[in-house]
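Okay, so here's the structure we're looking at.
Ligands are counted one by one from 1 in listed order, and the atoms in each one are counted from 1 as well.
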Amino acid sequence: MSEPSFETVAIHAGQEPDPATGAVVPPIHQVSTYKQDGVGGLRGGYEYSRSANPTRTALEQNLAALEGGARGLAFASGLAAEDCLLRTVLVPGDHVVIPDDAYGGSFRLFAQVAARWGVEFSVAHTSDPAAVRAALTDRTKAVWVETPSNPLLGITDIAASAAVAHEAGALLVVDNTFASPYLQQPLALGADVVVHSTTKYMGGHSDVVGGALVVADRELGERLAFHQNAMGAVAGPFDAWLVLRGIKTLAVRMDRHSANAARVAHMLDRHARVTHVYYPGLEEHPGHETAAKQMRDFGGMVSFRVEGGEEAAVEVCNRARLFILGESLGGVESLIEHPGRMTHASAAGSPLEVPDDLVRLSVGIESVDDLLADLTQALGG
Ligand SMILES: *Cc1c(COP(=O)(O)O)cnc(C)c1O
């Protein structure tokens with residue numbers, strides 16, 4: 001048999017029918033500890049659920065298979081996964097190159113938490129490999145990129161970035177939250193670590209907060225697993241189960257998210273009150289060719305700028321009805337938000353500050369005609 005395709009792996013990896021009952025979906029092992037058959041006689045290696053839990057194991061094996069990695073690890077949130085990664089691979093005095101366009105919470109983790117422990121960072125326009133090279137120091141241990149980026153949908157060439165990072169002996173970390181492994185496979189392009197907020201497309205239903213790391217190198221996977229257990233911000237069994245359930249439909253959801261977002265982006269691109277559309281599927285997007293090369297499709301996130309400045313952008317958000325005004329992204333329902341005042345408020349005054357007339361959409365999988373009609377009315381006809 002040939003290698004199973006992504007859709008098949010998403011539904012089956014890590015999930016044999018339950019040996020005791022034949023249940024086709026892994027049970028939620030809502031348990032903290034496990035009976036030992038004599039001292040140290042662990043059944044299947046399970047000892048205590050911070051260290052390992054069967055529902056979490058199913059998710060972790062599934063994540064590793066989806067990203068083509070040696071090891072997957074599931075955390076209580078995307079930021080918990082990032083924190084575990086930073087504290088595993090860095091010591092005080094080490095340096096990281098981070099993007100000038102990224103999730104505001106990731107920036108806050110570097111600027112207001114990691115920096116206090118002596119981890120240095122430089123902000124670079126990571127879409128330009130030359131800018132990354134210029135930011136490297138002799139203490140650079142990691143290059144961090146987010147592609148597509150949040151909220152400006154910037155595109156970074158993963159293979160080119162891996163080459164620059166590896167020349168310097170640094171790891172390439174890719175936040176793959178916006179694309180999901182269905183649309184983009186960073187490890188196959190040379191990245192060392194993939195980061196996810198599984199809260200977003202992986203969970204896909206706005207009902208769980210979670211995070212993940214997937215690594216290509218088994219030894220790094222071991223070190224991360226040690227820190228995951230030593231620090232303890234693990235995904236709980238029910239949360240792991242919800243993400244696993246979401247992943248089963250990831251491929252079909254991402255196809256619909258991408259198709260709907262493309263229609264929305266083209267409509268906005270022609271709208272008189274919209275001054276700029278950020279969507280990598282548009283030919284005029286500076287990263288369009290790179291995105292077309294490294295992604296299967298362009299994803300469900302679209303940002304745009306509104307004529308009339310901040311108040312006009314806020315007004316559009318307030319007038320939307322079907323698009324729900326809220327933070328987060330990647331669920332089946334469409335969301336709208338004002339990054340400057342909402343998700344990216346923590347980046348105000350920093351090099352990651354976002355334009356104040358920016359609106360961000362997470363385009364859901366509703367009927368696209370309904371979505372277009374709602375945006376048209378929110379923009380004032
Ligand atoms: C939401 C998000 C995160 C943080 O994940 P949480 O699950 O909210 O902790 C990291 N990166 C990106 C791109 C995100 O959108």
Of all the non-hydrogen atoms in the protein, which one sits nearest to [atom], and at what distance?
atom: atom 6 (P) of ligand 1; value: G78 N, 3.3 Å
atom: atom 4 (C) of ligand 1; value: Y103 CE2, 3.4 Å
atom: atom 2 (C) of ligand 1; value: K200 NZ, 2.5 Å

Inset, instruction - Give a yes/no verdict on whether any heavy atom in S149 is under 4.0 Å from an atom of ligand 1. - result: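 No; S149 lies far enough from ligand 1 that no heavy-atom distance drops under 4.0 Å.
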Legend entry - E82 near ligand 1 by a heavy-atom separation under 4.0 Å: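 Judged by the 4.0 Å heavy-atom criterion, E82 does count as contacting ligand 1.
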Legend entry - Geometric N/O contact L79 with ligand 1, under 3.5 angstrom: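 The answer is yes, given that L79 and ligand 1 share an N or O pair closer than 3.5 Å.
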Legend entry - Contact (N/O only, under 3.5 Å) between E146 and ligand 1: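 No.
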Keeping the roles fixed (side chain from [X], backbone from [Y]), state whether a donor-acceptor pair exists under 3.5 Å.
X: E7; Y: A251; result: no
X: E337; Y: L325; result: no
X: D357; Y: A313; result: no
X: Q185; Y: G68; result: no
X: H338; Y: E311; result: no
X: H285; Y: G281; result: no

Would you mind running through ligand 1 and noting each atom that sits below 4.0 Å from a heavy atom of [X]?
X: G210; value: 7 (O)
X: N150; value: 15 (O)
X: T199; value: 7 (O)

Inset, instruction - May I ask you to decide if the ring planes of Y279 and F298 are parallel, tilted or perpendicular, using 30° and 60° as cut-offs? - result: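 Perpendicular.
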Legend entry - The one among D83, D175, T343 that brings a heavy atom closest to atom 12 (C) of ligand 1: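 It is D175 that holds the nearest heavy atom.
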Legend entry - Side-chain H-bond candidate by donor/acceptor type, E82 with S106, under 3.5 Å: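 Side chains of E82 and S106: pair found under 3.5 Å.
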